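Before anything else, here's the structure in question.
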Amino acid sequence: ELTEATYRGACHLLFDAGVPYRPVDLADLGSDPLLPGVLVLPNLAGISDDDCASIAEYVRAGGALIATGMTSLFDEDGEPRKEFGLAGVLGVRVAGPRPERDALATYDAAGALELRPDAEIAFAESDVVSRYEGTAVRVSVDADRRVVAVTGSDSSPAIVAGEYGRGRVVYMPLDLDRRYLREPQPAHAAILERLVRWCTDAEFPVVVECSGTVGAYLYEKDQDLVLHLLNYSGVDTMNSLSSTPSAVSNLEITVAAGSRGACRVRSLTRDAEWTMRATDGRLRLTLDEIVEQEVLVISPIVAESAAGAAS
């Protein structure tokens, strides 16, 4: 419940927030050439000293970090630490007695997550207070960090933001991820999206705007981009799927095209092909409908012409 559900909840949160993600191994932080722009540690309580050092170096060098719950409060053997192994990176310290392993499992029916206005993260005074029926790890916040959300009757820190070296860091002493799996709240996905955007300060490689729930997965093969769209509309919030696909109509899609200009877009699931040009490095297209899935191959026309001339 406190491990698998947390990981699955984090995946659901990222998906619903429209954030592309992939699993990574902490052992690869120093060698993976495709490191993510933002490293997410969902209540990853047990972390070794070596991995803590690798994470600190990753952020110091310009990577971003979002961590939740009891991340780094235990070592790799599950033995408790007196202090966060990532205390300096997260910008917080344990306040009071060290929390028990199941401390975040407590429910508070009257709990809430209250955002504080923050221009950088785009939290505004108009943002509503969202429900959060849980507790928080009690922490004191370092002077160089700012509290952008609070929870509980005593306004305990709920979201702490700041910088470490050249990287940006967000720490949430909550189990927002695990609870999202049990009772998803759109407001929490919207909060995560803003936090990720602030951390990375860059456009997402794919943005899909539609009335349903569509996953977007972008791959690069030679000069081509391959965009796989999966329709998750109708997926149950628990562990089963709807027996009947719920078609999604009028999808507006934006893809990061890099230096590609004129492109040919070819559908592998329907007899269709388009020619269009990227503007400011972004390719924008409209699909009338997706029932189950769509696979689009985006090929730069200039590269194809040059290859033909050379032959």
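The structure displayed is predicted, hence computed values, not measured ones.
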How many angstroms lie between CZ in R116 and CD1 in I159, if you round to the nearest 0.5 Å? 11.0 Å

Are the side chain of H12 and the backbone of Y7 linked by a donor-acceptor contact shorter than 3.5 Å? no

Smallest separation among heavy atoms of A257 and L225, with atom names: CA-CD1, 4.2 Å

Mind checking the CG-CG spacing from L73 to L44? Nearest 0.5 Å is all I need.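 Interatomic distance, L73 CG to L44 CG, rounded to 0.5 Å: 11.5 Å.
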
Output yes when a side-chain donor or acceptor of D77 lies under 3.5 Å from a complementary backbone atom of E79, and no otherwise. no

Side chains of T6 and D177: donor-acceptor distance under 3.5 Å anywhere? no

Under 3.5 Å, side chain of D175 to main-chain N/O of R178, donor-acceptor pair present? no

Hey, could you give me the CG/CD1 distance between L227 and I298, rounded to the nearest 0.5 Å? 5.5 Å

Does a side-chain N-to-carboxylate-O contact under 4.0 Å join E183 and R131?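 Judged by the 4.0 Å cut-off on N to carboxylate O distance, E183 and R131 do form a salt bridge.
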
Please determine whether side chain to side chain donor-acceptor pair (under 3.5 Å) holds for the pair E294 and S267, giving the CA-CA distance in whole Å, both sets of side-chain angles, and the decisive distance to 0.1 Å. CA-CA 7 Å; E294 176 65 87; S267 169; 2.7 Å; yes

With the threshold set at 4.0 Å, does a side-chain nitrogen-carboxylate oxygen contact exist between R146 and E120? yes

Between atom CG of L26 and atom CG of L39, what is the distance when rounded to the nearest 0.5 Å?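 These two atoms lie 6.5 Å from each other.
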
Rounded to the nearest 0.5 Å, how far apart are CG of L181 and CG of L13? 9.5 Å

Polar side-chain atom of R266 near backbone of D271 as donor-acceptor pair, under 3.5 Å: no

For the side chain of R138 and the backbone of V94, is there at least one donor-acceptor N/O pair under 3.5 Å apart?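 Judged by distance alone, no pair lies under 3.5 Å.
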
Quick one: do the T68 and N43 side chains pair a donor with an acceptor below 3.5 Å? no

If only atom types and distance count, is the side chain of E209 paired as donor or acceptor with the main-chain N or O of L251 below 3.5 Å? no

Using a distance-only test with no angle check, is there a side-chain donor-acceptor pair under 3.5 angstrom linking D16 and Y180? yes

Is a side-chain donor or acceptor of S155 paired with a backbone partner of T151 at a separation under 3.5 angstrom?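 The answer is no, because no donor-acceptor pair under 3.5 Å joins these two groups.
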
Output for pair (Y132 OH, M172 CE), nearest 0.5 Å, gives 10.0 Å

Any donor-acceptor N/O pair, D222 side chain to D224 backbone, under 3.5 Å: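 No: the side chain of D222 does not pair with the backbone of D224.
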
I want to check a possible cation-pi pair here: R145 against Y171, using under 6.0 Å from ring centre and within 45° of the ring axis as the test. no

Between R264 (side chain only) and I301 (backbone N and O only), is there a donor and an acceptor less than 3.5 Å apart? no

Have N231 and S233 got a donor and an acceptor in their side chains that come within less than 3.5 Å? yes

Compare all side-chain heavy atoms of T254 with those of L283 and state whether any distance is below 4.5 angstrom. no

Determine, stepwise, if the pair L113 / L174 fulfils side chain to side chain contact (heavy atoms under 4.5 Å, CB included). CA-CA 10 Å; L113 186 63; L174 318 168; 3.9 Å; yes

List the steps, then state whether side chain to side chain contact (heavy atoms under 4.5 Å, CB included) holds for L285 with M276. CA-CA 8 Å; L285 59 141; M276 53 187 60; 3.8 Å; yes

Validate the cation-pi geometry between R93 and F84: distance from NZ or CZ to the six-membered ring centre under 6.0 Å, angle to the ring axis within 45°. no

What I want to find out is whether R194 reaches D118 closely enough, with some N-O distance under 4.0 Å, to be called a salt bridge.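 Between D118 and R194 there is no salt bridge, as every charged N stays at least 4.0 Å from the carboxylate O atoms.
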
Name the one of V170, I191, I66 that satisfies side chain to side chain contact (heavy atoms under 4.5 Å, CB included) with V196?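 Answer after filtering V170, I191, I66: I66.
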
